[in-house]
Asker: 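Sharing a structure here in structure tokens format.
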There are 2 protein chains.
Amino acid sequence: MEKHTITIYDVAREADVSMATVSRVVNGNPNVKPTTRKKVLEVIERLDYRPNAVARGLASKRTTTVGVIIPNVTNIYFSSLARGIDDVATMYKYNIILENSDGNSRKEISVLNTLLAKQVDGIIYMGNSISSELRSQFAHSKTPIVLAGSIDDQEEFGSVHIDYAAAIEEAVADLLNHGNQRIAFISGPLKEPINGKYRLAGYKKILAKNGIEFDPELIFETDYSYHAGEMLWPAIVSAKATAAVVGDDELAAGVLNGAQDAGVKVPQDFEIVTSNNSKITEIVRPKLSSITQPLYDIGAVSMRYLTKLMNKEEIAEKTVELPYGFIKRSSTK
Amino acid sequence: MEKHTITIYDVAREADVSMATVSRVVNGNPNVKPTTRKKVLEVIERLDYRPNAVARGLASKRTTTVGVIIPNVTNIYFSSLARGIDDVATMYKYNIILENSDGNSRKEISVLNTLLAKQVDGIIYMGNSISSELRSQFAHSKTPIVLAGSIDDQEEFGSVHIDYAAAIEEAVADLLNHGNQRIAFISGPLKEPINGKYRLAGYKKILAKNGIEFDPELIFETDYSYHAGEMLWPAIVSAKATAAVVGDDELAAGVLNGAQDAGVKVPQDFEIVTSNNSKITEIVRPKLSSITQPLYDIGAVSMRYLTKLMNKEEIAEKTVELPYGFIKRSSTK
DNA sequence: CTGAAAGCGCTAACAA
DNA sequence: TTGTTAGCGCTTTCAG
């Protein structure tokens with residue numbers, strides 16, 4: 001005797017009701033007489049019946065799963081967002097399909113297609129630049145999508161993030177107050193709007209406001225790794241910078257250690273402020289002063305936003321901007 | 001005119017073949033005449049048809065998705081494993097549903113149930129202790145499961161990890177060689193077999209081998225956070241330890257900084273060796289000497305293992321042990 | 001409050 | 001090599 005999967009049909013038969021009724025109690029539909037409900041529940045318990053989510057998804061056209069496109073789970077900035085996303089997803093009974101893209105637009109597109117094939121109810125995208133092909137694929141699909149901790153310079157999609165330009169302005173202002181005249185701007189690829197457009201704009205603006213001429217020599221474009229930062233020190237020295245704003249914490253840790261390993265005293269001889277206030281800022285010595293962003297909350301709010309989209313609720317603003325802050329630690333005077 | 005989702009049926013009609021034939025070409029079944037295949041492919045292209053994975057899953061009883069239970073994506077140890085898992089999953093055309101459990105057994109069970117409801121083809125579990133209820137749920141389900149970077153002292157499930165006991169032995173031996181007589185053993189909860197059983201056994205064994213009496217005062221049981229390590233310093237001092245082996249990198253970074261912030265010189269006055277060789281070991285100063293584990297590979301091999309289980313292939317050994325190593329950096333003499 | 005019945009979009013025998 | 005035909009397990013009108 002082969003033990004087969006027990007289905008809604010088995011429950012219906014045993015409880016002597018129709019499949020429809022079983023479906024109703026499973027879905028918490030109030031239109032069921034309490035006694036009937038009780039009877040059905042008992043049978044469900046006795047048979048250890050578990051609804052098949054796949055069948056449910058096919059019949060209802062809702063899978064209660066959302067796709068998450070992340071550059072790299074291993075990066076603390078993104079994994080912090082992801083945790084916020086997952087927690088509120090769980091809260092709203094959604095599950096997350098996680099896909100690493102390495103920020104590579106070809107992968108992003110392929111990943112998007114498998115997500116769509118799996119009929120996800122919504123998508124959360126993390127990444128720093130949306131290629132035009134990806135943009136058009138997003139636009140074509142009926143699936144709602146929101147950007148988490150990422151920014152779309154064309155403001156085509158819902159998105160939650162902080163005001164990157166203003167945050168950098170504030171950080172640089174602090175450095176300026178300490179008398180620094182040559183402040184390095186160190187970030188990931190400038191072709192990513194978050195760096196090349198918003199952060200850089202903030203940097204230029206505060207410089208201008210203080211009557212300091214912008215010097216392209218002080219702009220350092222690299223990748224997001226610790227190692228890249230570590231290697232950068234000689235170049236920073238040649239540029240005669242006395243301080244730096246850095247767009248990523250791992251990168252900043254690299255710069256910090258590169259400087260210190262070369263014998264310079266931070267913050268006495270060189271000041272550093274970073275952007276994401278992730279754990280790393282407290283693990284290095286001296287601890288890094290940083291712009292603060294509510295990473296977990298950005299993830300959480302993005303997911304909440306997405307649930308509204310999936311429910312076709314009206315959203316007032318396309319972009320939600322969360323507050324940022326600044327925490328002074330020991331890498332600045 | 002409402003534009004409806006285009007299905008296999010539409011393709012069949014347009015290409016003037018049966019659904020079965022379309023299904024065959026979509027699935028790469030060789031039993032299709034080349035000309036027919038070409039014709040179908042053209043229609044698929046023209047109609048921009050995309051197979052519905054949910055329907056496919058229901059009909060074939062295979063969802064090509066696997067569930068991943070992870071304590072916390074934000075922890076670099078686990079996210080490194082996760083990255084390995086996801087990469088080989090992608091390679092084998094599987095997708096990953098990620099669920100954070102916080103190592104909490106109630107959450108693990110609830111998460112397992114939703115994974116099973118979603119009909120995942122397999123499960124990868126990360127976590128340091130399998131509660132008996134979870135164990136029985138695993139055992140009851142027909143879904144294959146493998147443990148990644150985690151160990152089951154009852155060896156009931158497939159699992160891939162390193163030899164934790166031997167690795168700790170080697171690390172402690174090094175400390176012993178430097179003349180340390182009182183070496184602290186610092187780890188997460190001892191009720192987790194990885195700590196209380198394997199690592200601790202290695203520690204005791206090498207001590208015994210060197211004729212040093214085991215002193216319970218040198219055992220520090222805490223949680224995995226950086227902060228916990230930082231707070232531990234006073235206690236370590238009272239225990240008169242001159243060195244420590246630590247079971248987690250963040251924890252070790254905490255111990256390191258706690259010591260240094262108290263003015264002690266590492267490694268001159270105190271030596272530290274840690275266990276996971278994650279990025280953090282190179283970010284702190286001095287850099288941490290560490291046991292090395294192929295984290296990414298552990299994840300990758302686990303997933304590969306799972307694919308075999310899902311294909312019902314025979315596996316020679318239930319446990320696959322990957323090689324560990326030891327890298328001397330600057331936190332030891 | 002409950003049931004009957006028609007699918008959801010696809011796969012998988014089984015025939016032809 | 002191709003088509004026919006049952007389902008997969010559930011939701012959802014529509015009646016009653």
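Letters go in sequence order (proteins before strands), and every chain restarts at 1.
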Asker: What contact category does A:T21 fall into here, base, sugar-phosphate, or nothing, at under 4.0 angstrom with non-hydrogen atoms?
Answerer: sugar-phosphate

Asker: Check DNA chain C against residues 41-64 of chain A and give the residues with a non-hydrogen atom under 4.0 Å, in numerical order.
Answerer: A:L58, A:A59, A:K61

Asker: Measure from CZ on B:R13 to C1' on D:dG3 and round the result to the nearest Å.
Answerer: 17 Å

Asker: Does B:N31 have a side-chain nitrogen or oxygen under 4.0 Å from the phosphate oxygens OP1 or OP2 of D:dT2?
Answerer: no

Asker: Between C:dG9, C:dC1, C:dT11, which one does the side chain of B:T5 approach most closely?
Answerer: C:dG9

Asker: For the OG1 atom of B:T90 and the CE atom of B:M303, what is their distance to the nearest 0.5 Å?
Answerer: 8.5 Å

Asker: Which whole-number value in Å describes the distance from B:K38 NZ to D:dT2 P?
Answerer: 14 Å

Asker: Look up atom CZ in B:R13 and atom OG in B:S18, then write down how far apart they are to the nearest 0.5 Å.
Answerer: 14.0 Å

Asker: Atom CG of B:N27 and atom C1' of C:dG9: how far apart are they, to the nearest Å?
Answerer: 13 Å

Asker: So which of A:K39, A:K38, A:R46 actually passes salt bridge (Lys or Arg N to Asp or Glu O under 4.0 Å) with A:E42?
Answerer: A:K38

Asker: Picking from D:dT11, D:dT2, C:dG3, which would you name as closest to the side chain of A:A20?
Answerer: C:dG3

Asker: Looking at A:F138 versus A:Y125, is the centre-to-centre ring distance below 6.0 Å?
Answerer: yes

Asker: Check the phosphate of C:dC1 against A:T36, side-chain N and O only, distance under 4.0 Å to OP1 or OP2. Yes or no?
Answerer: no

Asker: Would you say B:T7 places a side-chain N or O within less than 4.0 Å of OP1 or OP2 belonging to C:dC8?
Answerer: no

Asker: Would you say C:dC10 has OP1 or OP2 under 4.0 Å from some side-chain N or O of B:S23?
Answerer: no

Asker: Can B:R135 and B:S132 be said to form a side chain to side chain donor-acceptor pair (under 3.5 Å), step by step?
Answerer: CA-CA 5 Å; B:R135 183 181 301 280; B:S132 57; over 6 Å; no

Asker: Measure the distance from CE on B:M19 to C1' on D:dT5 and round it to the nearest whole Å.
Answerer: 10 Å

Asker: Write down the distance between CD1 (B:I8) and P (C:dA12), rounded to a whole number of angstrom.
Answerer: 11 Å

Asker: Looking only at side-chain N and O atoms, does A:Y296 offer a donor or acceptor that is under 3.5 Å from a partner on A:D87?
Answerer: yes

Asker: Can you tell which of C:dG3, D:dC10, D:dG3 lies closest to the side chain of B:R24?
Answerer: D:dG3

Asker: Using the test side-chain contact (heavy atoms from CB on, under 4.5 Å), find all partners of A:E313 that sit at least two apart in sequence or belong to another chain.
Answerer: A:K308, A:N311

Asker: Could you state the NZ-P distance from B:K39 to D:dT2, rounded to the nearest angstrom?
Answerer: 8 Å

Asker: Have a look at B:V17 and say if it touches a base, only the backbone sugar-phosphate, or nothing, with a 4.0 Å heavy-atom cut-off.
Answerer: sugar-phosphate

